[in-house]
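As structure tokens, the structure follows; a few thoughts come after it.
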Amino acid sequence: MTEPQIGSIQLDRTVDSIVVGTRHRADLGDIETLAASIKRDGLLQPLTITIDGVLVCGARRLAAIKKLGWRTVNVWVRSGLSDRLGQLLAEQDDNMLHKPYTQLEAAGLYRELKQVMAEDAARRKSATQFSSENQPGNDGGANFAPPSNGPLGKSREQAAAMIPGGASHTTLEKIGYLEDIANNPTQPETLRAEAAAGLERIEAGEPVHPIYQAIRDADTTERERREAELHARAEAAVARAKAIKKGKRTPPRPLPLVTGDGQPVRYPLRAFVQTWGELTNWWTHYDADTLAGELTDEQFENFLATTDGTLRFADALRAAREGTTATERPRLRAL
């Protein structure tokens, strides 16, 4: 293998030594046809790599070459592409002349371009502000398209304009918002799933804005619900603190018995635990002979009805925990 020379063709670069870094094109398209063309006509356009062997242009050609089983390939070694911004711009130039980006691929490249441009602008601004050797007029221009030092919206427009395909920066921002929702573990699972499904629909060709607006509305509703819940908890905590300070004890709010349509209300787990916690060893506090003489018939029947219902529920609960149905187990002994 010949030694790589900057700005020259290297005739026998081993294919395995070429490093494919982070690429924004995830869908390489029809590689079979490209491989057939290269096999028939040869590699008409060499791959472009950096001096360190990182692939800049030619991801589809490299995939086709690997498919053909080539061990070496001619490459073009380029200088001036050692910084990330240069590599990103070279990648977008290469792809602009070939297969266009999908919406999600364009959004990913837009996001990284915007970040790199902001970092580059910050470095240049810092140099002009704090270095006497790099005052305005002495620090030179950027190697590639100069990042904007203006408002953020201008930088977004510049980043979007660098991506072939015609999507506006507002559309790319909306896709980025959906990706943030889908990948944010602090968001509700249902909302994340809806955002992920929306991204799949966009990738399939559906318009971005209706999907974005639906997820945005759901996100807003969920955020308002969480804020209202936190506000209610804060108010309750303040009320309890004031009651304690005044020496008063706030009575617990009674739980509702039935819903608006007459169905029994399902209580939360903590209500179940609290109820049975208070009944622990309750029978040790009463004398059966005394109660037998003092309870009315109605009070005694109410006690038996509650006990019978409790036993039925205990059977169902035990069967559910053991993975069987209540009818498969013998009933607990009734009173």
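In this text the structure is predicted, and so the values were computed from the model without any measurement. Both backbone and side-chain heavy atoms feed into the values below; hydrogens, waters and symmetry mates do not.
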- Query: If every non-hydrogen atom of Gly58 is compared with every non-hydrogen atom of Leu47, which pair is closest and at what distance?
  - Reply: O-CD2, 3.5 Å
- Item | Residues that Leu291 engages under side-chain contact (heavy atoms from CB on, under 4.5 Å), provided they are two or more places apart | Tyr286, Leu295
- Query: Residues in side-chain hydrogen bond (donor to acceptor under 3.5 Å, both in side chains) with Asn183, at least two apart?
  - Reply: none
- Is it true that the side chains of His231 and Glu235 contain a donor and an acceptor less than 3.5 Å apart? yes
- If you take all heavy atoms of Asp52 and Arg13, which pair is closest and at what distance? O-NH2, 4.5 Å
- Please report the shortest heavy-atom distance between Leu68 and Ala35, naming the atom on each side. CD1-O, 3.6 Å
- Message: Apply side chain to side chain contact (heavy atoms under 4.5 Å, CB included) to residues Leu34 and Lys67 and explain how you reach the verdict.
- Response: CA-CA 10 Å; Leu34 179 58; Lys67 192 173 188 63; over 6 Å; no
- Message: Just checking Asp287: does its CG atom have more than 12 heavy atoms from other residues, nucleotides or ligands closer to it than 6.0 angstrom?
- Response: yes
- Quick one: side-chain hydrogen bond (donor to acceptor under 3.5 Å, both in side chains) partners of Glu189, sequence neighbours excluded? Arg192
- Note on the structure: Contacts of Tyr177 meeting ring pair (Phe, Tyr, Trp, His ring centres under 6.0 Å) (sequence neighbours excluded), chain-then-number -> Tyr212
- Task: Start with the C-alpha distance between Arg111 and Asp180, add both sets of side-chain angles, then the distance that settles side chain to side chain contact (heavy atoms under 4.5 Å, CB included), and finish with yes or no.
- Result: CA-CA 12 Å; Arg111 184 195 295 251; Asp180 289 340; 3.3 Å; yes
- Message: For a quick test of reading the model, state the closest non-hydrogen atom pair linking Ala218 to Glu194 and the distance between them.
- Response: CB-OE1, 4.3 Å
- Query: Considering residues at least two apart in sequence or located in another chain, which fulfil the side-chain hydrogen bond (donor to acceptor under 3.5 Å, both in side chains) criterion with His285?
  - Reply: none
- Using side-chain hydrogen bond (donor to acceptor under 3.5 Å, both in side chains) as the criterion, list what pairs up with Glu301, not counting sequence neighbours. none
- Item | Gap separating the CG atom of Leu55 from the OG1 atom of Thr48, nearest 0.5 angstrom | 8.0 Å
- Note on the structure: dist Glu222:CD -> Asp217:CG (nearest 0.5 Å) comes out at 13.5 Å
- Query: Any chance the side chains of Thr284 and Asn281 put a donor and an acceptor closer than 3.5 Å?
  - Reply: no
- Identify the two heavy atoms, one from Ile181 and one from Ala195, that lie closest to each other, and give their separation to 0.1 Å. CG2-CB, 3.7 Å
